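Data block below; observations after.
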Number of protein chains: 2
Amino acid sequence: MVDSTDRIIIKCLEENARTSFAELGRMVSLTPSSVRERVKRLEDSGVIRKYTIEVDSAQLGFGMEAFIVVKLRSGTLKSFTSLIDTWDEIQEAYRITGEHNIQMRVVLKDQLHLQSFIDEMLKYGDPTTSLILSKVKA
Amino acid sequence: MVDSTDRIIIKCLEENARTSFAELGRMVSLTPSSVRERVKRLEDSGVIRKYTIEVDSAQLGFGMEAFIVVKLRSGTLKSFTSLIDTWDEIQEAYRITGEHNIQMRVVLKDQLHLQSFIDEMLKYGDPTTSLILSKVKA
DNA sequence: GCTGAAAACGAACCGCT
DNA sequence: AGCGGTTCGTTTTCAGC
């Protein structure tokens with residue numbers, strides 16, 4: 001379903017999601033029309049989930065970034081996941097295996113903000129916080 | 001430096017990084033030229049780090065996704081970080097505070113692949129793995 | 001699945017305010 | 001910072017292979 005040409009296109013779009021079909025075509029020796037058809041297929045089949053940007057949240061006033069894993073108390077999973085969209089601090093969240101049930105990456109203004117967010121998490125389970133010092137890859 | 005108009009533009013681009021300047025202009029009541037200038041400023045100042053896509057790695061043959069945190073042995077940090085770009089499994093990696101030094105998200109073909117990757121990590125420190133069950137947000 | 005051509009649209013550039 | 005005009009490139013669509 002996904003051939004080597006598609007894989008090149010995907011890699012280019014991972015590098016720069018605004019690459020034109022014309023330029024993608026130059027990379028894979030196809031016309032813009034053909035590339036367009038392939039990209040459409042990749043979108044429709046869900047291989048390409050989303051076109052997005054990576055943002056420096058520090059410059060938006062969120063100088064603190066952290067991973068928080070939560071061990072939810074029994075019975076709180078459903079209410080927790082239904083609330084997850086309401087917490088703006090959460091950039092991404094995953095259900096995971098192991099000691100904890102949820103892993104999240106959060107952005108926060110400062111220590112006080114972190115404290116209040118942890119307090120919120122304590123309503124549902126047992127959170128463990130690791131501050132992010134720097135991004136080492138991608 | 002970043003006003004409320006910029007914030008709207010950023011949010012739109014997070015939703016769809018291929019939104020045209022023309023359409024962004026409609027959202028914030030500015031001409032395409034003005035939006036272009038703002039976006040350029042956001043790029044140059046590093047607020048917008050990258051235009052990228054989110055991909056369904058399962059459909060690319062990597063059916064297993066995991067978070068791995070590593071507690072590096074003393075002295076191995078530098079060699080580890082210099083090698084980080086050579087491991088294709090690692091989608092993103094961060095230096096973090098706490099018990100472990102490195103947090104990564106990795107994609108893998110299957111259990112055997114996971115095993116060999118963990119073996120690789122064992123050369124540098126003590127890895128702990130949590131499989132990703134599903135993405136709950138964003 | 002890929003191509004090529006036409007029409008529509010958007011991006012880039014620049015002078016102006 | 002924002003605007004509008006020109007030019008140029010890109011996207012879209014579609015008939016044809």
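Chain A is the first sequence line, chain B the second, and so forth, proteins listed ahead of strands; every chain is numbered from 1. Owing to the predicted nature of the structure, the values given are computational and were not obtained by experimental measurement.
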Legend entry - Donor-acceptor contact below 3.5 Å, side chain B:Glu89 vs main chain B:His113: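 A pair under 3.5 Å: no.
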Legend entry - Residue pairs passing the side-chain hydrogen bond (donor to acceptor under 3.5 Å, both in side chains) test where at least one lies in residues 13-31 of chain B, sequence neighbours excluded: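 Non-adjacent pairs meeting side-chain hydrogen bond (donor to acceptor under 3.5 Å, both in side chains): B:Thr31-B:Ser34.
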Quick one: [atom1] on [X] to [atom2] on [Y], what's the gap to the nearest 0.5 Å?
X	Y	atom1	atom2	value
A:Lys78	A:Leu83	NZ	CG	14.0 Å
B:Glu65	A:Tyr94	CD	OH	6.5 Å
B:Arg49	A:Ser57	CZ	OG	7.0 Å

Inset, instruction - Please round to 10 degrees the angle between the axis of the first five pairs and the axis of the last five pairs in the helix from C:dG1-D:dC17 to C:dT17-D:dA1. - result: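 Taking the rotation axis at each end, their angle is 40°.
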Inset, instruction - Walk me through it: do B:Leu77 and B:Arg95 pass the test side chain to side chain contact (heavy atoms under 4.5 Å, CB included)? - result: CA-CA 10 Å; B:Leu77 177 64; B:Arg95 283 205 59 192; 3.6 Å; yes
Legend entry - Heavy-atom contact window of chain B on DNA chain D, given 5' to 3' at under 4.0 Å: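 Listed 5' to 3', the contact boundaries are D:dA1 to D:dT11.
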Inset, instruction - Hydrophobic side-chain clustering at under 4.5 Å (ILVMFWY, transitive links): who's grouped with B:Leu133? Put none if nobody. - result: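 Reading the cluster by chain and number, B:Leu133 sits alone, since nothing else belongs.
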Inset, instruction - Apply salt bridge (Lys or Arg N to Asp or Glu O under 4.0 Å) to A:Arg7 and list each qualifying residue two or more places apart in sequence or on a separate chain. - result: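 Counting only residues at least two positions away or on another chain, A:Arg7 forms no salt bridge (Lys or Arg N to Asp or Glu O under 4.0 Å).
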Dump every N/O contact between nucleotides 15-17 of chain C and the protein below 3.5 Å, one line per pair.
none

Identify, with sequence neighbours excluded, every residue that meets side chain to side chain contact (heavy atoms under 4.5 Å, CB included) alongside [X].
X	value
B:Ile84	A:Val136, A:Lys137, B:Phe80, B:Trp87, B:Ile90, B:Ala93
B:Thr5	B:Asp3, B:Ile9, B:Val28, B:Leu30, B:Arg38
A:Lys40	A:Arg36, A:Asp44

Inset, instruction - Return the residues of residues 46-55 of chain B meeting this criterion: a heavy atom under 4.0 Å from some atom of DNA chain D. Order them by number, or give none. - result: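 Within this stretch, nothing sits under 4.0 Å of the strand.
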Inset, instruction - Tell me which residues in residues 5-16 of chain A put a heavy atom below 4.0 Å from DNA chain D, sorted by number, or none. - result: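 Output list: empty, so none.
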State, to 0.1 Å, how close [X] and [Y] come at their nearest heavy-atom pair, and which atoms those are.
X	Y	answer
A:Ala17	B:Thr52	CB-O, 3.3 Å
A:Ser82	A:Ser79	OG-O, 2.9 Å
A:Phe117	A:Val106	CE2-CG1, 3.8 Å

Inset, instruction - For nucleotides 4-10 of chain C, just jot down a letter per nucleotide in 5' to 3' order: B, S or -, based on protein non-hydrogen atoms under 4.0 Å. - result: BB----S
Legend entry - Contact nearer the 5' end of DNA chain C, comparing A:Arg18 with A:Ser29: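 The residue mapped nearer the 5' terminus is A:Ser29.
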Inset, instruction - Provide, to the nearest angstrom, the distance between the CZ atom belonging to B:Arg36 and the P atom belonging to C:dA11. - result: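 After rounding, the gap between these two atoms is 9 Å.
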Legend entry - Single-linkage hydrophobic cluster A:Met104~A:Leu72, side-chain heavy atoms < 4.5 angstrom: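 Hydrophobic grouping puts A:Met104 with A:Leu72.
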Inset, instruction - Report whether A:Met64 and A:Phe67 are members of the same hydrophobic cluster (ILVMFWY, side-chain heavy atoms less than 4.5 Å apart, transitive linking). - result: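 Different hydrophobic clusters.
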Inset, instruction - Side-chain contact test, heavy atoms from C-beta onward, threshold under 4.5 Å: evaluate it for B:Leu42 versus B:Asp6 and give yes or no. - result: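 B:Leu42 vs B:Asp6: side chains touch.
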